[in-house]
Amino acid sequence: MEESKSKSLNFLEEIVQADIAAGKYPQGIFTRFPPEPNGYLHIGHAKSICLNFGLAQKFGGKTNLRFDDTNPMTEETEYVDSIKSDVAWLGFEWANELYASNYFEQIYQFAVSLISKGLAYVDDSSAEEIAALKGTPTTPGTNSPFRNRSVEENLALFSAMRNGDFADGAKVLRAKIDMAHPNMHMRDPLMYRIRHVPHHRTGNQWCIYPMYDFAHGQSDSMEGITHSICTLEFDVHRPLYDWFINKLEIFPSHQYEFARLNLSHTVMSKRKLLQMVNEKVVSGWDDPRMPTISALRRRGYTAASIRNFCERIGVAKRDNLIDISLLEFCIREDLNKIADRVMAVMDPVKLIITNYPEGQTEDLLVENNPEDPETGKRVVPFSRELYIEREDFMVEPPKKFFRLGPGLQVRLKGAYIITCDHFELNTDGSVKEIHASYIPESKSGQDTSGIHVKGTIHWVSIPHAIQAEVRLFDRLLIVEDASELGDDFVKFINPESLNIIDNAFVEPSLAQATIGEAVQFIRKGYYCLDRDSKPDHLVFNRTVTLKDTWAKEQKK
RNA sequence: UGACCUAUGGUGUAAUGGUAACACACCAGUUUUUGGUUCUGGUUUUCUAGGUUCGAAUCCUGGUAGGUCAACCA
């Protein structure tokens with residue numbers, strides 16, 4: 001009969017589908033991801049990447065990676081490299097690696113062509129004069145005194161600009177459109193400026209550089225981009241985008257705009273991210289608290305979880321503020337399926353199994369992942385002296401506390417049921433050690449004791465445990481929406497966003513952990529080995545906690 | 001005192017003139033050798049005023065609210 005109902009399309013997919021149905025692009029559609037190489041990619045870029053590549057994948061097209069490198073003042077090869085590795089890590093393959101700077105000669109010729117048609121002119125006005133004559137959104141602008149230069153003079157001047165005859169700022173090339181246009185971008189926009197600055201790819205070959213508006217659409221057109229997708233703030237540029245393409249009579253790429261991603265409890269603007277790096281509020285662009293792709297990767301986020309997140313947030317044209325809990329959900333969902341379970345104690349307190357023989361060690365077999373029995377089991381050593389989590393013992397446990405306390409029973413995960421017999425305190429009143437007895441017939445997997453306990457806690461064997469550093473990360477900001485915050489947003493950084501624990505103990509199997517590989521510390525969260533780790537000093541990053549309904553219960 | 005964009009539960013996104021749905025979050029229960037997971041159920045929605053229509057979240061008009069635009073940035 002009918003094929004199963006497909007998921008509804010977002011507005012961009014609908015546009016593409018309609019274009020294809022209309023037979024507009026028999027060669028297939030083409031999209032592009034066009035970052036300026038002046039910073040690191042963040043989760044907002046991931047949305048754009050997933051969109052551009054996803055659209056092409058879905059409709060049998062291709063996607064270019066194009067660096068929008070028209071401003072040599074801010075761009076560096078370092079950023080080019082990080083951007084390429086981030087896009088590749090996210091799992092996308094670009095059809096071509098391209099640079100707007102590849103097209104400088106062609107774009108120059110486009111400019112010459114517009115001058116020849118009387119549609120562009122060289123203006124000697126200063127930046128201030130141009131701004132003053134531009135008017136405001138509510139008052140029309142005024143024509144520049146240089147607006148009516150002859151084609152010949154403009155051609156000669158523009159050529160001289162290219163030759164380096166003029167100083168920076170002495171002249172610009174402008175499109176001749178309409179200084180009274182209600183859209184500010186149509187009031188004789190700048191096409192070229194003089195910049196005696198070496199470019200990271202073209203070196204000193206050029207001293208004039210095209211502006212965004214005279215490079216982006218032209219690059220799209222030259223590449224045969226059918227759907228040029230950008231964020232909402234470029235909406236007002238679209239008439240200009242179309243005007244240039246139309247006057248140049250080149251391939252008609254079309255621009256479409258979507259609302260960029262805003263995430264709660266973090267900042268996304270390049271300026272603010274850079275500020276945090278410069279002020280050393282964070283350790284760098286890949287500090288695991290940052291929303292950059294490289295930071296998320298280091299923190300333990302998987303590419304699949306980020307792709308899934310981008311899929312779930314949807315695409316539309318209204319401003320949004322996505323709750324970061326959705327991102328957290330996506331990484332938990334993924335890691336729950338693939339992360340092996342291991343045991344680690346963050347805040348150790350000693351537990352002595354008084355009826356377990358001194359010096360005896362037992363190799364227990366514990367499942368790696370109950371979600372995936374295929375992952376098998378591993379050996380976990382058990383002995384008389386263990387560490388358990390300090391918070392898993394209470395001298396005076398309240399009702400519904402399914403853990404350890406005087407006289408209470410719990411199961412040690414993968415081992416035995418124990419009964420707490422007594423405990424000793426330090427002089428400061430804190431618990432020094434806990435004494436318990438184990439029930440030999442209750443061994444995990446072959447339990448004949450008939451005892452049923454409500455709680456299971458994790459543990460590590462003291463003689464076998466490895467001491468480790470654990471970095472607990474939490475949300476960057478204590479406020480949901482950072483959009484209203486100014487430069488003082490650093491005052492709202494969550495003091496708990498980084499909490500370093502240097503006295504954690506992990507089970508010995510973790511000696512084999514590899515950097516970035518995800519594990520679940522049972523009952524605690526998902527973690528991965530940080531690149532700062534050394535064989536004699538393991539460092540783990542907390543990617544995300546497990547959901548903790550007990551913590552919620554306690555807050556009541 | 002301009003042009004343009006947008007308006008659906010707490011947060012996002014669907015519904016393409018015909019029963020307002022899905023996910024996250026939240027709440028309750030289920031399952032569980034992780035207070036994790038699973039499964040089930042629940043709370044909460046069309047900015048406003050008119051109009052067109054048998055019928056409007058959807059189309060039209062006005063209003064209101066939010067956003068974008070006045071870099072030799074992208």
Side-chain angles (χ1 to χ4, degrees), chain A residues 7-10 14 34-36 38 68-71 73-75 100 123 125-127 130-131 134-141 168-174 181-187 190-195 209 211-213 215-216 230-239 257 259 264 270 312-330 332-333 336-337 341 343 366-367 370-371 400-403 410-415 417 442 444-445 447 452-458 480 483 520-525 545-554:
Chain A
K7 201 171 164 280
S8 60
L9 304 178
N10 66 47
E14 281 181 356
E36 182 188 14
N38 68 346
D68 231 339
D69 55 349
T70 56
N71 182 4
M73 315 277 286
T74 58
E75 297 153 5
D123 194 331
S125 307
S126 68
I130 288 176
K134 199 141 202 166
T136 71
T138 53
T139 57
D168 288 5
K171 288 180 166 50
V172 290
L173 183 72
R174 302 178 72 177
H181 198 108
N183 181 339
M184 297 292 288
H185 293 274
M186 299 297 273
R187 319 243 264 228
L190 271 58
M191 295 164 62
Y192 267 91
R193 76 285 218 190
I194 301 171
R195 279 259 206 288
Y209 293 94
M211 301 288 291
Y212 166 85
D213 285 309
H216 200 98
C230 60
T231 48
L232 246 30
E233 60 268 31
F234 290 95
D235 179 290
V236 284
H237 292 247
R238 180 151 35 85
E257 309 85 18
S264 75
K270 211 168 264 183
R312 282 169 180 270
I313 58 177
V315 182
K317 293 192 76 158
R318 61 168 158 162
D319 294 325
N320 57 76
L321 180 63
I322 307 285
D323 198 307
I324 200 164
S325 64
L326 181 61
L327 217 210
E328 294 168 346
F329 166 81
C330 289
R332 284 193 190 105
E333 183 190 44
N336 177 49
K337 290 180 297 190
R341 274 59 169 171
M343 292 197 281
V366 182
E367 62 188 349
E371 299 296 311
K400 294 210 280 187
F401 183 77
F402 309 137
R403 309 182 190 182
V410 289
R411 172 174 293 281
L412 295 172
K413 175 71 184 174
I417 293 173
S442 68
S444 191
D447 186 346
H452 230 68
V453 292
K454 195 107 188 194
T456 299
I457 62 172
H458 59 279
E480 267 193 8
S483 66
Q520 183 195 104
F521 288 176
I522 289 178
R523 302 210 301 137
K524 288 273 130 190
T545 61
L546 253 30
K547 266 174 69 180
D548 191 349
T549 49
W550 169 243
K552 271 181 207 159
E553 182 72 23
Q554 279 178 304

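A note on names: the letters A, B, ... follow the listed sequences, proteins ahead of strands, and every chain is numbered from 1.
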Q: May I ask you to test the Glu328(A)-Lys547(A) pair for a side-chain heavy-atom distance under 4.5 Å?
A: no
Minimum-distance nucleotide (side-chain atoms of [X] versus [options]):
X         : options                   : result
Asn71(A)  : rA70(B), rA74(B), rU33(B) : rA74(B)
Asn320(A) : rU33(B), rU13(B), rC5(B)  : rU13(B)
Arg411(A) : rC72(B), rC73(B), rU33(B) : rU33(B)
Asp323(A) : rC26(B), rU11(B), rA25(B) : rU11(B)
Ile130(A) : rC72(B), rG35(B), rU33(B) : rC72(B)
Phe329(A) : rG12(B), rA74(B), rC24(B) : rC24(B)

Apply side-chain contact (heavy atoms from CB on, under 4.5 Å) to [X] and list each qualifying residue two or more places apart in sequence or on a separate chain.
X         : value
Ser483(A) : Asp481(A)
Asn71(A)  : Glu36(A), Met73(A), Thr74(A), Glu75(A), Arg193(A), Arg195(A)
Pro370(A) : Arg341(A), Glu367(A)
Ser442(A) : Arg411(A), Tyr416(A), Ile417(A), Ile439(A), Asp447(A), Ser449(A)

Return no unless some side-chain N or O of [X] is found under 4.0 Å from OP1 or OP2 of [N].
X         : N       : result
Arg195(A) : rC73(B) : yes
Arg403(A) : rU34(B) : no
Ser8(A)   : rU13(B) : no

Over all strands shown, is [X] touching base, sugar-phosphate only, or nothing at heavy-atom distances under 4.0 angstrom?
X         : answer
Val315(A) : sugar-phosphate
Ser264(A) : nothing
Ile417(A) : nothing
Lys524(A) : nothing
Ser325(A) : sugar-phosphate
Ile522(A) : base
Ala316(A) : sugar-phosphate
Met73(A)  : nothing
Phe401(A) : base
Leu326(A) : sugar-phosphate

Q. How close do Gly414(A) and Val366(A) get, heavy atom to heavy atom, and via which atoms?
A.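 Looks like CA-CG2, 4.3 Å.
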N/O-N/O pairs, protein side and nucleotides 56-59 of chain B side, under 3.5 Å:
none

Q | Residues in side-chain hydrogen bond (donor to acceptor under 3.5 Å, both in side chains) contact with Arg187(A), at least two apart in sequence or another chain | A | none
Q: Check side-chain hydrogen bond (donor to acceptor under 3.5 Å, both in side chains) between Ser264(A) and all other residues, then give those that pass, not counting sequence neighbours.
A: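 Ser264(A): no side-chain hydrogen bond (donor to acceptor under 3.5 Å, both in side chains) contacts found.
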Are any protein N/O atoms closer than 3.5 Å to N/O atoms in nucleotides 62-69 of chain B? If there are, list each pair with its distance.
{"unit_1": "rG67(B)", "atom_1": "O4'", "unit_2": "Asp319(A)", "atom_2": "OD2", "d": "3.4"}
{"unit_1": "rG67(B)", "atom_1": "O2'", "unit_2": "Asp319(A)", "atom_2": "OD2", "d": "3.3"}
{"unit_1": "rC69(B)", "atom_1": "O2'", "unit_2": "His185(A)", "atom_2": "NE2", "d": "3.1"}

To the nearest Å, how far apart are [X] [atom1] and [N] [atom2]?
X         : N       : atom1 : atom2 : value
Met191(A) : rC73(B) : CE    : P     : 15 Å
Glu553(A) : rG35(B) : CD    : P     : 14 Å
Met186(A) : rA70(B) : CE    : P     : 15 Å

Q: At under 4.0 Å between heavy atoms, which parts of nucleotides 36-41 of chain B does protein reach? Answer with one letter per nucleotide, 5' to 3': B base, S sugar-phosphate only, - none.
A: BS----
Q) Is a donor-acceptor pair below 3.5 Å formed from side chain Ser444(A) to base rU33(B), judging by atom type as modelled? A)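 Checked by distance alone, the answer is yes.
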Q | ring pair (Phe, Tyr, Trp, His ring centres under 6.0 Å) against His181(A), all qualifying residues, sequence neighbours excluded | A | none
Q) Residues in ring pair (Phe, Tyr, Trp, His ring centres under 6.0 Å) with His216(A), at least two apart? A)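 Per chain and number, His216(A) pairs via ring pair (Phe, Tyr, Trp, His ring centres under 6.0 Å) with Tyr212(A).
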(Q) Check for me: is Trp550(A) stacked on rG35(B) by the 5.5 Å centroid and 30° plane-angle rule? (A) yes
(Q) For RNA chain B, report each stem as range with range, ordered by first number, or say none. Use Watson-Crick or G-U wobble pairs under 3.5 Å, at least 3 in a row. (A)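 The stems are B:2-7 with B:64-69, B:10-13 with B:21-24, B:26-29 with B:39-42, B:47-51 with B:59-63.
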